[in-house]
Amino acid sequence: MASSAASGRPVRTRIAPSPTGDPHLGTAYVALFNRCFAHRHGGSFVLRIEDTDRERSSKRFERGILDALGWLGLDWDEGPGRDGGNGPYRQSERGGIYAEKIRVLLEKGHAFHCFCDENRLSKLRSEQMRLKLQPGYDGHCLGLSKEEVAARLSRGERHVIRLRVPREGDCVFDDLLRGEIRIDWPQIDMAVLIKSDGMPTYHFANVVDDHLMGISHVIRGEEWISSVPKHVLLYDCFGWERPVFCHLPLLRNPDKSKLSKRKNPTSIGYYQAMGYLPEALVNYLGNMGWSLPGGEEKFSQAEMRDNFELERISLGGPIFDRKKLDWLNGRYLRENLDDAEFARAFAAWAFQAWKIGGIAPLVRQRVGKFSDVAALAGFLLQGDLALSAGDFSHQQLDADSCRRILQFSLWALENTPDFSRDAIETRLRQLAEKMDLKIRNFLFPLFVAISGRAVSLSVYDAIAAIGPDLARARLRGAIEALGGISNKQQKKLEKEFRLLRDKPAA
Ligand code: GLU
């Protein structure tokens, strides 16, 4: 089995998140393990932003990742804002590097131009499915002569560049926690390396950057194991030394399913908005598959680093259990803070400028004195609301209709990048119209879900004031209070929602 010490290379680890969504707990978990390992061995921990998917990446999501890592104390030694001489650290700024490296692969014959259009590829896929064959590219364009390729390129024909993958034999690589892994080459697709828009794909950019940034250990979630054959092939084609691969077990919900936002809030912002201490959350993540040699579950990041060994990670799926996190966070509040520190930390959380700034304009016009504020706006500072199905009883809406409104609103708000009051109002009004519901009725379950009451401050204002993470959690909490939605119903609702979304606004 590979050892965690790379062959005499300086230890350099990295995380490489894609800024395509809210900062995820999984990113913090992988960052923590990479950071502890690098620092234990006197090495560096690098942050690289993998933003080659132009449509789905955004600066807002990138900011969210940087802020969340900063809040958790998982800052990086090299990366955006901290140049270590290996930048740029955003893939969107490294286009020239990929262009140069793909030329090398094309010249050596390890990569080839492919002109197959979507029509041919989809026919190929259906045919392979019909014959119960492994779906994948069949090597059609490998048969083109050099002259033909040159002529088609000079005509400006749309194309991609693919990796030439052996059609026989095994791919063999080591994973630090699993030992030797063998996969037949014919199971590996001739992956696209450069897309038709000229942007590199994940596989290509990731390997080129890991090599050029001197990454000695690739420590990441186990969902990436299936990508390793393409990656090791790229290392070998370039003649580069492979890094040590170590795939961490996926975080799971208490029912053992993969951690998902339907069952557990996965956005780091949620834990921040709920008032967890960052050091307690990081400590809890340190218990995911790893433990201090003595078994004590409460430890600082420095203690984790000083005792950290990758070999001691257990592969049994670690469970992210909110109750356990609450217990640990409670210990931090009791054991690590005295009264004065607690008061300071609480005030810093409760009176954050964005929160108080959001509440002031809502309540100022409606109260006579400060002591009226809590009764009117206390729900804006609460976490989960204890609701029951009875809270949603309404003359014209049954539980099913309420669940439908709540679930559709949740999806509509998930796709509202600008979480301003006006954007929220526009989204929800459009949705009510498309659902053919009177706005009063439509808003009723939302009022209850967000504020716990049937009448309160404007629900649009309240959603904007509590922010996207708490708003989503409360909508989910309300759906649960109404008995939840089964997987089958969920599928049906998804379909209906897609139809509604595509329906032109009245
Ligand atoms: N960009 C990938 C992600 O979003 C990186 C995976 C890796 O660590 O190789 O997680």
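Whatever order the structure lists them in is the order used to number ligands and atoms, beginning at 1.
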Residues forming a side-chain contact (heavy atoms from CB on, under 4.5 Å) with Ala68, sequence neighbours excluded: Pro23, Ile268
Residue pairs fulfilling side chain to side chain donor-acceptor pair (under 3.5 Å) with at least one residue in residues 186-199, sequence neighbours excluded: Arg158-Ser196
Set of side-chain contact (heavy atoms from CB on, under 4.5 Å) partners for Arg56, sequence neighbours left out: Thr20, Asp53
Phe497-Trp411 aromatic ring centre distance below 6.0 Å: yes
Ring centroid separation Trp290 to Phe308 under 6.0 Å: yes
Per-ligand residue contacts, ligand 1, heavy-atom threshold under 4.0 Å: Arg14, Ala16, Ser18, Glu50, Tyr202, Asn206, Arg220, Trp224
Lys298 NZ/CZ over Tyr332 ring centroid, <6.0 Å and within 45° of normal: yes
